[in-house]
Each structure stands twice: as C-alpha cells, then as structure tokens.
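What you are looking at is a predicted structure, and each value in this text was computed from that prediction instead of being measured. Throughout, numbering of the chain's residues begins at 1 and tracks the sequence.
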Amino acid sequence: MTAPMRAQQRTAPFISIAPPEPDLSPGALILRAEEMLGQLRDCQAETEAAGNVLAETHRVMVEAGLYRVIQPRLFGGYGFDLPTFVRLVTAVARGCPETAWVLSIVSGHVHQLATFPLAAQREAYGALGDFRAPEVAAPQGTGVAVPGGFRVSGAWDYASGCAHATHILLTFLVDDPRPGDSPLRMGLFERADYEIVRNWDVIGMQGTGSNRVVMNEVFVPAHRTKPYPQTAAMPPAEVYRDSSLFYGPARPFVITESVAVIVGAAEGALDVYEETFRARKATGPTGASRADLAEYQFNFGRCRAMVDTARAALLHTAADYMEFADRTFTTGEPCPEDDSRRLAMVMLQSVHLAHEAVDIMFRTVGSSAARKDALLGRYWRNVGVLRGHLAHQSDSAALNYGRVHFGHSPVGIS
C-alpha cells in the first residue's frame, strides 16, 4: 500500500452500523430474557449433557439481540449501561447459569475489543455488527513475527462459548520480540482460524463448551493485535463518544461478567427451593407442608436476604462503575487503582453471599437435591464451580486492595 493510500485509509469517514431495532429499550431487552426463564430451565439437563449451549437457545438469543446489550451503537449494538448488562445476565442465569455464562463472556468481550486498533474493530463487526468472542488471556501459544503481522500456533484451554463465536481473542508469546516491545500480545482471530478439541469435563458448568481451541501457523495482521495487558489504553473517542462504559476500568468489568452469572444462579436456586417447600411435606407425624414449618421458613428467609443483598450490591457497584467511566470519559483521567480494586471487592462479596445461600439451600432441602437430574443440585454444582474461578479469589483481592491503599505494590495476579 502506498503512502497516499495509507493516508486516505486513516482519514476515511467512519460508517456506522444501525442496530437491528434502533428503538429497543433496556427494559424490553431484559423482558425478553425474563420470558426465556421456563425454556432455559427446561433445557438445563440437555445443555449439560450436550456440553454446550443448545443451537436453538443460541438462535433465540441472537434474534432477541441479547448479545448486543453493551455493544456500541455505532457498531450495531444497543450501547446499554452496565446495570442493564447485569440485569440481563442475571435474568438468563436464573434459568440456566451455563447459558448465561456464555452470553456474558462472549458479549462482554466487546470491552476488550474496544482498545484494539480501529481497523481491527471495523473488521470484527463487519457489515452487520454480528460479533461474539471468547477470550483466553493466558498465553498458551506462540507468535512468530513475519512481514505484516504474526504467525501464531498453540492450544488454548477454557475457551467458553467457542462453538457459537464469530471470533476469538487469544494471548500469545512473541517468539523474538524487538527491544522495548511487549513479549505478550493479544490477537483477534476469526472463527475459521481455530479447531475445537472437546476436553471440558467438569462437575458443574458443563454446558458452557469451555473447550480447547487449537491453531497452527495462522497469520494475524499486526493491526489485529495489541500489547497485553494494556493498563491505560483508551478506546478511540471519535467512535466511543456515546459509549462511556468502555472508559471504565477493566478488572471490575471482567469480574462483573461472572458475578452476574453467580447471582442469577442463586436466584434460580431460590425459585426451586421455594417450589420444593410448596410441593413437599415434612417427614414425621405432622405431615405438615414445609412452607408451614418454622425451620423451613427461617432458612428461606435468610437465603432470600442473602440473594437480594448480593443482587443489590452488584447493581449498586455497576452503577458506581458507570460514574467512574463517565468521569474518565469526561476528564481523560483513568479510574484510580484504589477505587478499581474496591469495586471488585464489593462484587466478590456478592459471590460470598450467593454461594453461601445456595449451599444452605442444598443442605437443608433434603437428599433429593443430590440426584444427578435435580435442578437444585445442578444450581449448587454450577455455583460451586464458579466460586472457585481464579477471578473470584477474594482473599488475595482483599490483600492487594489493602496493599495498594497503603502505598504498596500488589502481589501475585489478583
């Protein structure tokens, strides 16, 4: 490409993509997710057995526009705020946590895409704005620098939603970086670039399809890569002027993606818990309905409080996040690390509350919940697996918040 052609490409006007339903409101989108509750619950067992979100469920979510919830409007999305994203994900997780995990992850990664070069973003969204991308941040591949980009090979585990993706974001180690360059880069790859190896075999969240993806000598242009991690990168203002969410800090946003699933799963478990009380009678001479006995009333009440508090804390923190994002958009000053870590810690308290509530439900409802096909048992397994996720290690998060707050450097990776 000649220099004049490059200059022409840099100054070419941005052509926006209209969202499928320009007048769609946040409430209407959330209502669509809430109306899927029965369908999602009915398909839980089949989703778990398939090891993936069902094709029909995926089709419904695409047609409903759920994947476009925070995608910028100029790229064909609805550009809604983080509290709307939380409400949407929790609504889906109430019916099926595994489906909600895929929805949250592959739609939330537009936040990561926002700091790629604008040319890469245009290519990713294409003509229709149809974009869904898992991300594997651990560098499980290698890139060899070649003219114009990199040739990348490797095998990346835990690629949630890779079967229903349009793209994928993968981190790789540069084989021989130039002096001063980052040894790690994240690349934007097409769905056709990788093969899927089914190796996701777990006791919970089996339906997320978090399998291994493999690539061999795949060329990725330089403009479809970026140094990783990027701690202070900002999206291009000319495109994101109406999308302040993307100016918020990365760490609490990433944690929001998964905590929303856990809180929604706890709500779904509480639904089943209540239904059990209304349908079953206590053992013993009275034969009274569980709903009429103080022991069960007490357990339901404390679980209700825990789940509601977890949801309230998550939504409040999502609103706080938007205030920080708006401030950064207006001033150009990034969110202070102390505040970023504090937001994340509050969200992790939501995880504690939701996990404890579901555990109380499981151990007080009776042995029927231990059946492999029991709904409450499946919620319990799913929340238990999510509780152990690396992003949810609240002890190290609290330690590092304290270290940063008192002027020390964080330790480890939290």
Side-chain angles (χ1 to χ4, degrees), residues 34 36-54 57 89-104 158 160 198 200-211 258-284 289-291 293 295-308 310-311 350-389 392:
E34 292 172 343
M36 294 175 64
L37 176 62
Q39 174 190 347
L40 290 167
R41 274 183 52 164
D42 290 345
C43 292
Q44 271 194 26
E46 189 178 357
T47 300
E48 183 179 55
N52 226 319
V53 173
L54 302 180
T57 305
V89 172
T90 55
V92 175
R94 187 172 183 174
C96 180
E98 292 143 298
T99 299
W101 178 266
V102 173
L103 167 66
S104 184
Y158 311 121
S160 301
R198 295 194 60 169
W200 181 242
D201 187 14
V202 288
I203 62 172
M205 300 301 288
Q206 181 62 39
T208 62
S210 302
N211 291 302
S258 53
V259 174
V261 177
I262 296 174
V263 172
E267 292 182 322
L270 193 63
D271 290 338
V272 179
Y273 196 52
E274 179 175 0
E275 291 163 11
T276 302
F277 286 4
R278 295 186 182 281
R280 295 182 62 184
K281 294 183 178 181
T283 58
S289 167
R290 290 187 174 190
L293 298 176
E295 175 187 352
Y296 295 102
Q297 293 164 352
F298 169 75
N299 286 328
F300 180 79
R302 63 174 174 164
C303 289
R304 174 83 275 171
M306 288 179 183
V307 174
D308 285 355
R311 179 183 177 87
S350 292
V351 175
H352 277 292
L353 289 166
H355 177 257
E356 183 178 356
V358 175
D359 195 58
I360 290 171
M361 296 177 216
F362 181 77
R363 64 181 174 81
T364 59
V365 77
S367 57
S368 61
R371 289 168 36 195
K372 289 184 178 180
D373 62 347
L375 267 176
L376 187 56
R378 189 176 297 112
Y379 282 112
W380 180 74
R381 294 197 311 271
N382 287 338
V383 171
V385 167
L386 289 175
R387 178 66 186 87
H389 193 283
H392 303 148

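- When all heavy atoms are compared, the tightest approach of L40 to V92 is CD1-O, 3.6 Å.
- Across V261 and A93, no two heavy atoms sit closer than the pair O-CB, 3.4 Å.
- Going from atom CD1 of I360 over to atom CG of L270 covers 11.0 Å, rounded to the nearest 0.5 Å.
- Applying the side chain to side chain donor-acceptor pair (under 3.5 Å) test to R363 and every residue at least two apart in sequence or in another chain returns nothing.
- The closest side-chain heavy-atom distance from D271 to E275 is below 4.5 Å.
- In plain terms, the two heavy atoms of V263 and S350 that are nearest each other are CG2-CB, 4.2 Å.
- Of the inter-residue distances, the one linking N52 atom CG with Q206 atom CD reads 9.5 Å to the nearest 0.5 angstrom.
- The distance from atom CG of L375 to atom CD of Q44, rounded to the nearest 0.5 Å, is 5.0 Å.
- Considering only residues two or more places apart in sequence or on other chains, F362 meets the ring pair (Phe, Tyr, Trp, His ring centres under 6.0 Å) condition with W380.
- Heavy-atom minimum distance, G51 versus R198: CA-NH2, 3.8 Å.
- A pairwise comparison of heavy atoms in F277 and Y296 identifies CE2-O, 3.2 Å as the closest pair.
- Listed here is the closest heavy atom pair of L376 and Y273: CD2-CD1, 4.3 Å.
- Here R311 contributes atom CZ and T90 contributes atom OG1; the two are 4.0 Å apart, rounded to the nearest 0.5 Å.
- Distance check, rounded to the nearest 0.5 Å: OG1 of T208 to CG of L103 gives 13.0 Å.
- Separation of atoms CD (E98) and OG (S210) is listed at 9.5 Å; rounding is to 0.5 Å.
- The shortest distance between side-chain heavy atoms of R290 and E295 does not fall below 4.5 Å.
- With sequence neighbours excluded, the residues forming a salt bridge (charged side-chain N to carboxylate O under 4.0 Å, His left out) with E48 are R378, R381, listed by chain and number.
- Contact of the M361 side chain with the T276 side chain is not registered, since no non-hydrogen atoms from C-beta on lie closer than 4.5 Å.
- For H389, the ring pair (Phe, Tyr, Trp, His ring centres under 6.0 Å) partners are W101, H392, not counting sequence neighbours.
- Side chain of S104 to backbone of A100: no donor-acceptor contact under 3.5 angstrom is found.
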Give the C-alpha distance, both sets of side-chain angles, the deciding distance and a yes or no for side-chain contact (heavy atoms from CB on, under 4.5 Å) between H352 and R387. CA-CA 8 Å; H352 277 292; R387 178 66 186 87; 3.0 Å; yes
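- Checked by atom type and distance alone, the side chain of N211 pairs as donor or acceptor with a backbone atom of W200 at under 3.5 Å.
- Listed by chain and residue number, nothing satisfies the ring pair (Phe, Tyr, Trp, His ring centres under 6.0 Å) test with H355 (two or more places apart in sequence, or in another chain).
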Let me have the donor-acceptor pairs involving side chains of residues 300-307, under 3.5 Å, with sequence neighbours excluded, atom names and distances please.
residue	atom	partner	partner atom	Å
R302	NE	N299	OD1	3.3
R302	NH2	N299	OD1	3.2
R304	NE	D308	OD1	3.3
R304	NE	D308	OD2	3.3
R304	NH2	D308	OD1	2.9

